[in-house]
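Note that these values count all heavy atoms, side chains included, but never hydrogens, waters or copies made by symmetry. Note that ligands are numbered from 1 as they come in the structure, with each ligand's atoms numbered from 1 the same way.
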Amino acid sequence: MSIDRRNFIKKSAATAITAGLAGSCALPEEKSAVETPYINFNNTYEWKITTTWPPNFPVTGEGCNYFAQWIEEMSGGRMKIRVYGGGELVPPLESFEAVSNGAIEMGHGAAYYWAGKAPASQFFAAVPFGMNYQQMNAWIVAGGGRQLWEELYDRFDLMPMICGNTGVQMGGWYNKEINSIDDLKGLKMRMPGLGGKVLARAGGTALLVAGGEIYTNLERGVIDATEWIGPYHDYKMGFHRVAKYYYYPGWHEPGPVLELIVNKSKFLKLPSDLQTIIRTAALRSNVWMGAEFDAQNFIYLDKIMEEGNVDIRPFPIEVLEKLRQYTDEVIQELVEQDADSKKVYQAYNAFRNGLNRWSAISEKEFYQKLMG
Ligand code: CA
């Protein structure tokens with residue numbers, strides 16, 4: 001590295017410290033960005049990220065590839081991240097453990113996959129009938145959700161970061177009509193998170209199956225129905241070839257957050273600029289994944305309608321009302337059993353109630369009265 005460049009970086013850091021003291025530009029999540037006096041370009045880092053998705057999976061896998069590329073670019077090549085799909089290093093749903101114990105530095109997935117380790121994690125992914133994409137962003141990025149999430153994962157030596165959103169999902173693929181709540185009785189369905197608990201309350205059986213295995217399970221009748229994401233991904237998964245009915249809306253996942261988990265001890269040992277680069281790349285990925293889902297879903301909804309013999313229809317309102325009631329019961333039971341869930345849900349619910357007062361006269365009005 002040239003002397004000039006080093007001097008420039010030193011000067012930049014000094015400027016940043018001055019600006020930070022003035023209190024004008026420090027973001028709440030960037031606690032230590034100005035502490036490094038200079039950057040040592042001789043120290044390079046080669047990390048791995050494992051995902052819960054098949055390798056190079058559309059949007060989520062691609063987004064992780066971009067995430068790695070952006071980190072390498074922003075760090076001037078000092079940090080390289082190698083991306084592994086689920087099953088390449090560890091099984092998809094074992095990434096939490098692998099990142100927690102430091103065997104792998106990072107993972108990408110969704111927090112409700114870890115309900116068995118920390119039930120409160122589910123509130124950082126999706127709550128049935130809960131907050132949507134925009135609202136979850138507001139809660140986690142600016143409304144206190146991030147701090148609660150970090151506190152919950154601290155005991156696992158993990159640092160969670162918001163890193164994607166699918167937007168409101170579809171309700172899922174069925175081979176029989178759902179005309180009443182009784183039609184869910186005895187149904188074996190792939191459904192993660194709190195939605196799965198609600199399905200169980202309706203008499204169904206919820207199974208957690210990783211993305212790569214769902215098609216085969218549905219085709220072979222191991223499961224009767226499945227939900228996944230929305231038209232783009234679901235088309236790529238081929239569900240329109242093995243299921244007849246495609247129901248909406250995704251009551252169980254109104255705006256599921258995708259998460260990045262980073263081994264916390266290793267993260268904190270990184271130079272502070274690399275910590276900021278990782279946070280920044282995660283936020284960029286958060287925007288990119290949500291945008292890509294929105295940009296592709298309508299195209300693939302058309303494809304499904306044109307190519308398949310699929311009947312796309314809404315859940316009857318009576319079914320949704322019953323599911324909403326079961327959701328309230330499931331959450332009530334959870335917060336009574338688990339102190340973390342109680343704390344997180346109280347914050348979640350207070351934020352949602354507040355934001356809904358605004359959303360009711362802004363977004364909701366737009367969708368109901370202004371959308372062309
Ligand atoms: Ca889903």
For this session: Among the N/O/S atoms of Glu227, select the one at the shortest distance from the Ca ion (ligand 1) and name it.
Result: OE1
For this session: Considering just N/O/S atoms, say which atom of Glu253 is closest to the Ca ion (ligand 1).
Result: OE2
For this session: Look only at the side chain of Lys244 and the backbone of Asn309, and say whether a donor-acceptor pair between them is shorter than 3.5 Å.
Result: no
Exercise. So, does Gln169 use its side chain to make a donor-acceptor pair with the main chain of Pro256 at under 3.5 Å?
Worked result: no
Exercise. Would you say His108 and Met289 make side-chain contact, with heavy atoms under 4.5 Å?
Worked result: yes
For this session: Could you tell me whether any N, O or S atom belonging to Gly250 is less than 3.0 Å from the Ca ion (ligand 1)?
Result: no
Exercise. Looking at the Ca ion (ligand 1), is one of the N, O or S atoms of Gln169 less than 3.0 Å from it?
Worked result: yes
Exercise. Is the closest basic N to carboxylate O distance between Arg190 and Glu213 below 4.0 Å?
Worked result: no
